[in-house]
Visitor: 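Sending over a structure as structure tokens; questions will come in a sec.
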Amino acid sequence: MSDIKLILGDCLEEIKKIPDKSIDLVVTSPPFIDKEVSKSYYEFLGEFIDLAMKKTKWMFMFNSAIRLIDIVRKTNPRFVMIWNKVFTMSAYRYEPIFVYTDTNESIWGRGKIFNTLFSYKVELKKDKKLHINENPVLLYKHLLKLRPSAQT
């Protein structure tokens, strides 16, 4: 996996620097809280999704359970997967993972997605904790296997 590149910066600015359709998959967790963005939340989210989908055919986006209905209504994902957090300190025991794609390629069936509910424990680390509920690495590994280019 030497072709993986992590970019740190303002997502709305950094993503503009990436050539169109040059990314296999975007896995992201944009800010969940209104005060963490410089414009109205859904304006920010819509702009981010539009920009990201110019760069990739597939995006898996984590977001807040409290925003589930509004995000579906306002951004029209292809479908929603659910991460069952098993044990968590947060108010919600699950987190939606919104799936966006600009292809009609089937992702269902043998060797593809059979289940849209994933149960992984929240990483609760007392040392070097970066977030109260860090996402589990195993969940990300699972998601990476779901992208269509990984199945060929």
Side-chain angles (χ1 to χ4, degrees), residues 4-108 113 115-125 128-150:
I4 292 175
K5 180 179 181 182
L6 298 176
I7 300 170
L8 178 62
D10 180 317
C11 64
L12 294 181
E13 294 307 315
E14 294 298 324
I15 201 163
K16 292 174 186 174
K17 300 174 187 175
I18 299 170
D20 288 354
K21 298 302 178 197
S22 65
I23 301 173
D24 292 329
L25 170 68
V26 171
V27 179
T28 185
S29 180
F32 290 10
I33 302 170
D34 294 14
K35 67 182 180 181
E36 293 178 346
V37 297
S38 60
K39 49 185 79 176
S40 80
Y41 187 79
Y42 292 107
E43 181 182 352
F44 156 79
L45 197 61
E47 183 179 348
F48 173 76
I49 292 168
D50 288 345
L51 285 168
M53 291 311 298
K54 289 178 183 174
K55 311 303 175 180
T56 187
K57 288 185 177 183
W58 290 93
M59 180 168 66
F60 299 160
M61 182 184 80
F62 290 79
N63 210 292
S64 171
I66 199 167
R67 295 187 186 275
L68 175 74
I69 300 300
D70 286 338
I71 290 174
V72 168
R73 287 180 179 158
K74 294 174 190 284
T75 69
N76 196 29
R78 175 97 170 257
F79 62 93
V80 179
M81 299 183 291
I82 300 294
W83 166 31
N84 171 26
K85 294 184 174 184
V86 182
F87 172 79
T88 183
M89 300 295 288
S90 70
Y92 292 92
R93 297 187 61 92
Y94 72 94
E95 192 167 307
I97 307 166
F98 299 89
V99 178
Y100 299 89
T101 183
D102 70 353
T103 179
N104 290 326
E105 180 179 357
S106 175
I107 56 173
W108 305 102
I113 297 174
N115 190 356
T116 57
L117 175 66
F118 309 108
S119 294
Y120 288 92
K121 291 181 181 179
V122 172
E123 302 288 334
L124 296 175
K125 299 178 183 175
K128 300 183 184 180
K129 189 185 324 180
L130 299 176
H131 191 280
I132 190 169
N133 292 313
E134 292 181 27
N135 293 2
V137 172
L138 288 175
L139 173 58
Y140 282 90
K141 287 181 177 182
H142 187 120
L143 291 175
L144 289 173
K145 291 177 186 175
L146 298 180
R147 76 187 194 283
S149 61

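From a predicted model like this one, the values you see are computed outputs, not experimental measurements. All values below were derived from every heavy atom in this structure, side-chain atoms included, with hydrogens, water molecules and symmetry-related copies excluded.
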Visitor: How long is the straight-line distance from CD1 of I82 back to CZ of R93, given to the nearest 0.5 Å?
Guide: 14.0 Å
Visitor: V37 versus F48: any side-chain heavy-atom pair under 4.5 Å?
Guide: no
Visitor: Can you find a heavy atom in the side chain of Y100 that is under 4.5 Å from one in the side chain of N76?
Guide: no
Visitor: Less than 4.5 Å apart, side chain to side chain, heavy atoms only: is that true for V99 and W58?
Guide: yes
Visitor: Report yes if the side chains of L12 and E47 come closer than 4.5 Å at any heavy-atom pair, otherwise no.
Guide: yes
Visitor: Run the salt bridge (charged side-chain N to carboxylate O under 4.0 Å, His left out) test against D70 and tell me which residues pass, sequence neighbours left out.
Guide: none
Visitor: Could you go through K55 and V26, starting from their C-alpha distance and side-chain angles, then the distance that decides it, and tell me whether this counts as side-chain contact (heavy atoms from CB on, under 4.5 Å)?
Guide: CA-CA 9 Å; K55 311 303 175 180; V26 171; 5.6 Å; no
Visitor: So how far is it from L51 CG to I15 CD1, rounded to the nearest 0.5 Å?
Guide: 6.0 Å
Visitor: Do N135 and Y120 come within less than 4.5 Å of each other through their side chains, counting heavy atoms only?
Guide: no
Visitor: Atom CZ of F60 and atom CD1 of I97: how far apart are they, to the nearest 0.5 Å?
Guide: 8.5 Å
Visitor: Can you give me the closest heavy-atom contact between A52 and M59, atom names plus distance?
Guide: CB-SD, 3.6 Å
Visitor: Establish, for the pair R67 and Y42, whether the NZ or CZ atom is under 6.0 angstrom from the six-membered ring centre and no further than 45 degrees off its axis.
Guide: yes
Visitor: Distance from C11 atom SG to K16 atom NZ, nearest 0.5 Å?
Guide: 10.0 Å
Visitor: If we only count heavy atoms from C-beta on, is the L45 to N63 side-chain gap below 4.5 Å?
Guide: yes
Visitor: Measuring from atom OG of S64 to atom CD of E95, what distance do you get when rounded to the nearest 0.5 angstrom?
Guide: 7.5 Å
Visitor: Would you give the length of the straight line joining atom CZ of F118 to atom CG of L143, rounded to the nearest 0.5 angstrom?
Guide: 6.0 Å
Visitor: Answer with yes or no after comparing the ring centroid distance for Y140 and F62 against a 6.0 Å cut-off, counting only values under it.
Guide: yes
Visitor: Considering non-hydrogen atoms only, spot the tightest contact between E14 and I7 and give its length.
Guide: OE1-CG2, 3.7 Å
Visitor: May I ask you to decide if T103's main-chain N or O and K57's side chain share a donor-acceptor pair within less than 3.5 Å?
Guide: no
Visitor: Quick one: closest heavy-atom pair of P30 and F32, and the distance?
Guide: O-CD1, 3.1 Å
Visitor: Evaluate side-chain contact (heavy atoms from CB on, under 4.5 Å) for F44 paired with D34, printing each intermediate quantity in order.
Guide: CA-CA 9 Å; F44 156 79; D34 294 14; over 6 Å; no
Visitor: Okay, side chain of K21, backbone of T56: is any donor-acceptor separation there less than 3.5 Å?
Guide: yes
Visitor: Write down the atom of T101, the atom of R78, and the distance for their closest heavy-atom approach.
Guide: CG2-NH1, 2.8 Å
Visitor: With side chains defined as the heavy atoms from C-beta onward, is the minimum distance between K74 and I71 less than 4.5 Å?
Guide: no
